[in-house]
Amino acid sequence: MSYKIGIDIESISDVKAAAEKHKQFLEKVLTPSEQKQLAGRKGNEYYAYLASRFSAKESYAKATGFGIGQHVNFTDIEILDDKNGAPSMKVFRQSRFAGAKNYQISISHKIKLDMVATEVLIEVEDGNSNS
């Protein structure tokens, strides 16, 4: 086994500003199920959730080596909280990393510091690589 890792840090207020400026931001970044989870949050938690999903998807794209664009779209990746609040990730369509066996995700945010940090680890069978 080998591993691919992606790390990202985002400003919560920058993501909030982007969402307020661009009417289609939520639809471009979040899947319908993520939008449903987002709707249950209020105030600072709303934008912390949005920023964390944006950042985690950037982390995934960095781990693949492609970035967001031709091979990876935001809505190809879904990150939902389980009943205990732990995030889990699904990857759809061609964005799935060749040979991926498992995905691990970590999300941390500090609202007072206006920051969210994420990390995605892709476990890959040896001999498989997208790059």
Side-chain angles (χ1 to χ4, degrees):
M1 284 298 151
S2 62
Y3 299 91
K4 302 290 185 179
I5 190 167
I7 299 170
D8 190 65
I9 299 171
E10 296 290 339
S11 160
I12 296 169
S13 62
D14 286 352
V15 173
K16 177 182 178 181
E20 290 173 345
K21 182 177 180 179
H22 304 285
K23 293 181 181 185
Q24 299 300 317
F25 187 84
L26 293 181
E27 291 78 16
K28 287 187 177 194
V29 173
L30 301 180
T31 67
S33 294
E34 290 170 322
Q35 290 176 43
K36 185 176 179 180
Q37 278 195 346
L38 176 66
R41 289 165 168 76
K42 304 289 183 226
N44 291 336
E45 289 296 323
Y46 181 93
Y47 290 105
Y49 180 93
L50 180 58
S52 71
R53 274 38 189 187
F54 180 86
S55 179
K57 292 174 184 199
E58 287 281 347
S59 288
Y60 173 82
K62 290 174 182 178
T64 67
F66 293 127
I68 297 292
Q70 182 179 358
H71 297 286
V72 180
N73 295 311
F74 284 110
T75 56
D76 291 340
I77 308 157
E78 183 173 78
I79 303 154
L80 297 174
D81 293 339
D82 67 16
K83 63 181 180 178
N84 297 316
S88 64
M89 185 171 70
K90 291 181 190 175
V91 180
F92 308 106
R93 294 185 289 282
Q94 84 275 2
S95 294
R96 195 162 172 80
F97 193 82
K101 299 298 284 177
N102 195 16
Y103 301 98
Q104 298 295 322
I105 183 169
S106 177
I107 298 174
S108 297
H109 46 73
K110 288 285 187 189
I111 294 172
K112 288 183 181 183
L113 297 177
D114 187 41
M115 174 187 291
V116 62
T118 59
E119 177 180 55
V120 169
L121 180 73
I122 305 172
E123 184 180 354
V124 182
E125 287 183 19
D126 286 334
N128 287 298
S129 176
N130 283 14
S131 52

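Fair warning: this is a prediction, and the values are worked out from it, not measured in the lab.
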Notebook entry, point to check: If every non-hydrogen atom of Tyr49 is compared with every non-hydrogen atom of Ile79, which pair is closest and at what distance?
Noted result: OH-O, 3.8 Å

Please list, one pair per line, the donor and acceptor atoms closer than 3.5 Å that link side chains of residues 7-21 to other protein atoms, with sequence neighbours excluded.
| from | atom 1 | to | atom 2 | distance (Å) |
| --- | --- | --- | --- | --- |
| Asp8 | OD1 | Lys62 | NZ | 2.7 |
| Asp8 | OD2 | Ser55 | OG | 3.0 |
| Ser11 | OG | Ser13 | N | 3.4 |
| Ser11 | OG | Ser13 | OG | 3.1 |
| Ser11 | OG | Asp14 | N | 3.2 |
| Ser11 | OG | Asp114 | OD2 | 2.8 |
| Ser13 | OG | Asp114 | OD1 | 3.4 |
| Ser13 | OG | Asp114 | OD2 | 2.7 |

Checklist line | Rounded distance (nearest 0.5 Å) linking atom OG1 of Thr64 with atom NZ of Lys4 | finding: 9.5 Å

Check: Which residues satisfy the side-chain hydrogen bond (donor to acceptor under 3.5 Å, both in side chains) test with Glu119, sequence neighbours excluded?
Finding: none

Notebook entry, point to check: Side chain of Asn73, backbone of Asp76: donor and acceptor closer than 3.5 Å?
Noted result: no

Next item on the list: Rounded to the nearest 0.5 Å, what's the gap from CZ on Phe92 to NZ on Lys90? Could you check?
Entry: 5.5 Å

Next item on the list: Answer yes if Met115 and Tyr47 sit in the same cluster of Ile, Leu, Val, Met, Phe, Trp and Tyr residues linked by side chain heavy atoms under 4.5 Å apart, and no otherwise.
Entry: no

Next item on the list: Report the residues that fulfil side-chain contact (heavy atoms from CB on, under 4.5 Å) with Leu121, sequence neighbours left out, ordered by chain and then residue number.
Entry: Tyr3, Ile5, Gln104

Check: With Glu34, which residues qualify under salt bridge (charged side-chain N to carboxylate O under 4.0 Å, His left out), at least two apart?
Finding: Lys57

Item checked: Nearest non-hydrogen partners of Ala56 and Val120, listed with the distance -> O-CG2, 3.6 Å

Item checked: Heavy-atom side-chain contact between Leu30 and Thr75 under 4.5 Å -> no

Checklist line | Minimum-distance pair of heavy atoms, taken over all atoms of Gln35 and Glu27 | finding: NE2-CA, 3.8 Å

Notebook entry, point to check: Quick check: does any side chain N or O of Ser59 sit under 3.5 Å from a backbone N or O of Thr118, one acting as donor and the other as acceptor?
Noted result: yes

Notebook entry, point to check: Minimum heavy-atom separation for Gly6 to Ala63, with atom names?
Noted result: N-CB, 3.5 Å

Item checked: Student check: side-chain heavy atoms of Leu80 and Glu78 closer than 4.5 Å -> yes

Check: Considering residues at least two apart in sequence or located in another chain, which fulfil the salt bridge (charged side-chain N to carboxylate O under 4.0 Å, His left out) criterion with Asp81?
Finding: Arg41, Arg53

Check: Residues in side-chain contact (heavy atoms from CB on, under 4.5 Å) with Val29, at least two apart?
Finding: Phe25, Phe54, Phe74

